[in-house]
Amino acid sequence: MTNQEITQILKNVAAAYTIRDEAKNKFKIIAYQRAADAVEHATLEIKDLWDEGKLNTLPGIGPSITSHLDELFRTGRVKHFEEVLKGLPEAIFPLLKVTGFGAKKAYKIVKNLKLKDKDTVIDDLIAACREHKIAKFPGFGEKSEEDILRNLLEAKQGKIKKARMALPYTDAIAQKIIAYLKKSPQVLRADPLGSLRRRVSTIGDIDIAVATNNQKAVIDYFLEYPGIERVVEKGETGATILTSGGKQVDLRVQKPQSYGSLLQYFTGSKDHNIHLREIALKKGLSLSEYGIKPLKKNQKSIRHPPTGGADKNQNYNSKLKIFEFSTEEGFYGAVDLPWIPPELREDMGEIEAAQKRELPTLVEIGDIVGDVHIHSDFNLEPSHDLGISSMKEIAQKARSLGYQYIAFTDHNPSITNHTEDKIYSILKRRKEAIEQFYQSTKIVRVFNMLEIDILADGRLAVDDKSLSLLDGAIASVHGSFNQPKDKMTRRIIGVLTHPKVKILGHPTGRLLGQREGYEVDWKEIFEVCLKYNKALEINAFPLRLDFPDVLVREAVRKGVKMVISTDAHEVSEMDRMVYGISVARRGWAKKGDILNTLEYNEFWKWLK
DNA sequence: GCCGTTTTCGGCCCGACTGTTTTCAGTCG
């Protein structure tokens, strides 16, 4: 039973309560939805949590849902859920994943059309739209029938609500649109919002904020963006488009004096904002994207700003009876909190840390002084792809990035095509080439490393004699991903204890949207890393972003060190370090947690 | 059904947009 499956069950229960009697079940519905969100965003497998008896430590999961899930894990079913779902056609549930459908619309349509088969409901409904049956239902019309048909067709193409794309690709699209917006003289500021600003590894919609004194002009200008497929919606405060690449982009505009509130509100996350509002309510304040206003019952008593003093970022709008904030700092200050970095805003303890003034100082791109996972074009007849840039190009790029050192970490020579002696002679030639390169150029310091396959049987693809030629090695799993958890854990620990292996490369092996990571006992790996002074890699390659942020946070808690590296196969890819930084920051990593922030001499000492 | 720096009872985030409506229902973030 995966978190995803449990999420789905809880969402279905919430939908069932909504259909039965929304008014009566109002808060029960919210509770089930929040429980579903909690499971969906959980950092650990819920099943593991249940095994340890810690299910109710998850915020949003209380005694009642705990006992239901307990029944689910023990017997595979939940009597109470079955009762709630009883009598509802199961054809409604696939529709809930389609844009534009909520519980009620799905139920109305399924009931009116008497649809029964959950496997064909999407196709059945497409046919019904084409026969114009929907427009005749009360509350529906021709336009809504068109919308439903289009959303169903898009869902069939895989464009479901949760179609997400890796951060670096989405970031590139967003930067292009922001650059376009900034060309307008009406645009005073433009920033990413939402999961993009929080630097989540995969992004659904792109959200962008603009500060302007002419909202209408900016919205009109946005709707002239060349890459538009169609306009989804348009209003006075923003607009939504679909790009020709199928990405949804939301624009939000706001006047400059309220821009801080807008940034804060739409950066989220939803859970962070809800928590923040709860705190504000207790202070008699109501937060919104427009600012902060005293609750009605307190309105008369409040004559001064929420912060109790003058703040140049704060302004009282007496017409709207609301305090406006030009910056986020002012907004957070009004509820007695320091500014919280967007990467932390997941309601995972950051608000409590902010209240205690214990927010971590997160690692920054400027802290990085070396990139220790780079593939050059030195041909050592490798097991995987060669880089395409020369050592000199790489070193020059490193210098332009302000680095003190780099490591050449080409893949090991393939073991199917070479004997151990042959591998030794190739690596000896490579060691001489690297030394000669450094002596003749001295552009940046250079380490002679290698990225070595961890073979299926737990051996390294390079023997000890050849390993002795290296300054150190990254060990990575590049095949046999489907081994059982225990075997995979032994396989990794076996090589990680080798003195020359210093770093575990892209530790989970995941490829975003393509492949789940393999199963490993991270507790054990963390212990080995601590005991033998090894590092885990945060690999900034766009489809990897591996180590994942939630595991980075676990590693930080345990004191396990990490490196952030690009795995570049071409010099321009060395610019991707910033995405590794994003992952590290979301994992609450400080400069001291990341080894390639160390000066050359210190890093060298760690490596030896 | 969940939860606690006013609370173990009595609250529960806030607003925009669309379509079908003459004041609202549903969905989204």
Side-chain angles (χ1 to χ4, degrees), chain A residues 10 13-15 17-19 22-38 56 58-69 80-81 84 95-96 98-109 134-148 151 161-162 193-195 204-207 219 231-240 248 250-254 261-262 264-293 295 297-298 320 322 335-336 347 351-352 355-356:
Chain A
L10 294 171
V13 172
Y17 273 124
T18 310
I19 293 163
E22 191 183 18
K24 185 180 143 207
N25 298 314
K26 191 172 169 195
F27 298 112
K28 213 180 278 192
I29 293 163
I30 292 173
Y32 270 97
Q33 276 165 346
R34 286 196 68 179
D37 283 345
N56 57 3
L58 215 57
I61 309 275
S64 176
I65 294 182
T66 295
S67 88
H68 293 324
L69 292 181
H80 175 67
F81 292 173
V84 177
L95 293 177
L96 298 180
V98 180
T99 309
F101 280 92
K104 291 180 168 182
K105 196 186 282 182
Y107 180 65
K108 270 189 204 165
I109 287 178
I134 308 297
K136 298 191 187 88
F137 297 153
F140 293 81
E142 279 181 26
K143 188 67 177 62
S144 53
E145 185 175 77
E146 270 175 44
D147 289 344
I148 288 170
N151 286 330
K161 284 176 185 170
K162 292 246 148 119
L193 295 168
S195 52
D205 298 344
I206 294 172
D207 300 303
I219 292 170
V231 177
V232 179
E233 66 181 38
K234 175 186 178 211
E236 287 175 22
T237 58
T240 302
Q248 185 164 310
D250 290 350
L251 177 77
R252 306 281 166 182
V253 295
Q254 184 59 276
S261 322
L262 177 82
Q264 195 290 321
Y265 180 80
F266 283 106
T267 296
S269 65
K270 197 173 164 185
D271 289 338
H272 175 88
N273 283 357
I274 287 173
H275 193 161
L276 213 58
R277 280 195 173 69
E278 285 167 357
I279 290 175
L281 273 180
K282 285 169 192 151
K283 297 179 190 294
L285 301 170
S286 168
L287 311 185
S288 81
E289 65 202 86
Y290 300 105
I292 299 181
K293 60 183 167 193
L295 292 177
K297 57 182 176 184
N298 297 339
L320 298 173
I322 193 165
V335 285
D336 298 327
D347 195 22
I351 291 178
E352 291 84 350
Q355 285 174 320
K356 290 188 233 157

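Remember, it's a predicted structure, so these values are computed and weren't measured experimentally. Just so we're on the same page: letters track the sequence lines, and every chain starts at 1.
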Please state how far atom [atom1] in [X] lies from atom [atom2] in [N], giving the value in whole angstrom units.
{"X": "A/N151", "N": "B/dT18", "atom1": "CG", "atom2": "P", "value": "14 Å"}
{"X": "A/D271", "N": "B/dG29", "atom1": "CG", "atom2": "C1'", "value": "12 Å"}
{"X": "A/E22", "N": "B/dT27", "atom1": "CD", "atom2": "P", "value": "9 Å"}
{"X": "A/E289", "N": "B/dC14", "atom1": "CD", "atom2": "P", "value": "12 Å"}
{"X": "A/Y32", "N": "B/dC12", "atom1": "OH", "atom2": "C1'", "value": "17 Å"}
{"X": "A/E278", "N": "B/dC3", "atom1": "CD", "atom2": "P", "value": "10 Å"}
{"X": "A/F101", "N": "B/dA25", "atom1": "CZ", "atom2": "P", "value": "20 Å"}
{"X": "A/I30", "N": "B/dC14", "atom1": "CD1", "atom2": "P", "value": "11 Å"}

**Message:** Which is more 5' along DNA chain B, the nucleotide nearest A/I274 or the one nearest A/G238? Just name the residue.
**Reply:**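 Per heavy-atom nearest nucleotide, the more 5' residue is A/I274.
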
**Asked** Which residue, A/V232 or A/D207, contacts DNA chain B at a nucleotide closer to its 5' end, judged by nearest heavy atom?
**Response**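 Comparing both residues, the 5'-ward one is A/V232.
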
Base, sugar-phosphate or nothing for [X]? Non-hydrogen atoms, less than 4.0 Å.
{"X": "A/F266", "result": "nothing"}
{"X": "A/E236", "result": "sugar-phosphate"}
{"X": "A/D147", "result": "sugar-phosphate"}
{"X": "A/K234", "result": "sugar-phosphate"}
{"X": "A/I279", "result": "nothing"}
{"X": "A/I65", "result": "sugar-phosphate"}
{"X": "A/L276", "result": "nothing"}
{"X": "A/K270", "result": "base"}

To the closest 0.5 Å, what do you measure between [atom1] ([X]) and [atom2] ([Y])?
{"X": "A/S269", "Y": "A/D37", "atom1": "OG", "atom2": "CG", "answer": "9.5 Å"}
{"X": "A/F101", "Y": "A/L96", "atom1": "CZ", "atom2": "CG", "answer": "9.5 Å"}
{"X": "A/L69", "Y": "A/F81", "atom1": "CG", "atom2": "CZ", "answer": "6.0 Å"}
{"X": "A/I279", "Y": "A/D336", "atom1": "CD1", "atom2": "CG", "answer": "9.5 Å"}
{"X": "A/L251", "Y": "A/T237", "atom1": "CG", "atom2": "OG1", "answer": "9.5 Å"}

**Item:** Stacking of A/F27 on B/dC2 base (centres under 5.5 Å, planes under 30°)
**Value:**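 Not stacked: fails the 5.5 Å / 30° test.
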
**Request:** May I ask you to verify whether the side chain of A/Y17 and the base of B/dG1 hold a donor-acceptor pair under 3.5 Å?
**Result:**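 Answer is no: no donor-acceptor pair is held.
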
**Request:** Compare side-chain N and O positions of A/S286 against OP1 and OP2 of B/dC14 and report whether any pair is under 4.0 Å apart.
**Result:**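 Yes, because at least one side-chain N or O of A/S286 sits under 4.0 Å from OP1 or OP2 of B/dC14.
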
Rounded to whole angstrom, note down the [atom1] distance from [N] over to [M].
{"N": "B/dT20", "M": "B/dA25", "atom1": "P", "value": "16 Å"}
{"N": "B/dG1", "M": "B/dT5", "atom1": "C1'", "value": "24 Å"}
{"N": "B/dC17", "M": "B/dT7", "atom1": "C1'", "value": "37 Å"}
{"N": "B/dT23", "M": "B/dC28", "atom1": "P", "value": "26 Å"}
{"N": "B/dC2", "M": "B/dT8", "atom1": "C1'", "value": "12 Å"}
{"N": "B/dC14", "M": "B/dC9", "atom1": "C1'", "value": "25 Å"}

Nearest of [options] to any side-chain atom of [X]?
{"X": "A/H80", "options": "B/dG29, B/dG1, B/dC2", "value": "B/dG1"}
{"X": "A/P59", "options": "B/dC2, B/dG26, B/dC3", "value": "B/dC3"}
{"X": "A/L281", "options": "B/dT7, B/dC12, B/dT27", "value": "B/dC12"}
{"X": "A/T237", "options": "B/dC17, B/dC14, B/dT5", "value": "B/dC17"}
{"X": "A/K105", "options": "B/dA16, B/dT6, B/dT27", "value": "B/dT27"}
{"X": "A/Y265", "options": "B/dG4, B/dC13, B/dG29", "value": "B/dG29"}

**Message:** Testing the basics here: between A/S288 and A/S261, what is the closest heavy-atom pair and its distance to 0.1 Å?
**Reply:**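 For A/S288 and A/S261, the tightest heavy-atom pair comes out as O-CB, 4.0 Å.
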
**Message:** Quick check: closest heavy atoms across A/I65 and A/A35, and the distance to 0.1 Å?
**Reply:**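 Answer, listing the atom of A/I65 first, then A/A35: CD1-CB, 3.6 Å.
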
**Prompt:** Within a strict 4.5 Å, meaning less than it, do heavy atoms of the A/Q264 and A/L287 side chains meet?
**Reply:**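 The answer is no; the side chains never approach within 4.5 Å.
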
**Message:** Side chains of A/E22 and A/I29, heavy atoms from C-beta outward: is any pair under 4.5 Å?
**Reply:**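 Touching, per the 4.5 Å side-chain cut-off.
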
**Asked** Paired with B/dC24: which nucleotide, if any, by Watson-Crick or G-U wobble criteria at under 3.5 Å for both distances?
**Response**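 Checking every strand shown, B/dC24 finds its partner in B/dG19, with both distances under 3.5 Å.
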
**Prompt:** Relative to each other, are the rings of A/H80 and A/Y17 parallel, tilted or perpendicular (30° and 60° limits)?
**Reply:**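 The rings of A/H80 and A/Y17 sit tilted, inter-plane angle from 30° to 60°.
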
Could you go over nucleotides 20-23 of chain B and give all protein N or O partners under 3.5 Å, atom names and distances?
from	atom 1	to	atom 2	distance (Å)
B/dT20	OP1	A/G141	N	2.6
B/dT20	OP1	A/G141	O	3.2
B/dT20	OP1	A/E142	N	3.4
B/dT20	OP1	A/S144	N	3.2
B/dT20	OP1	A/S144	OG	2.9

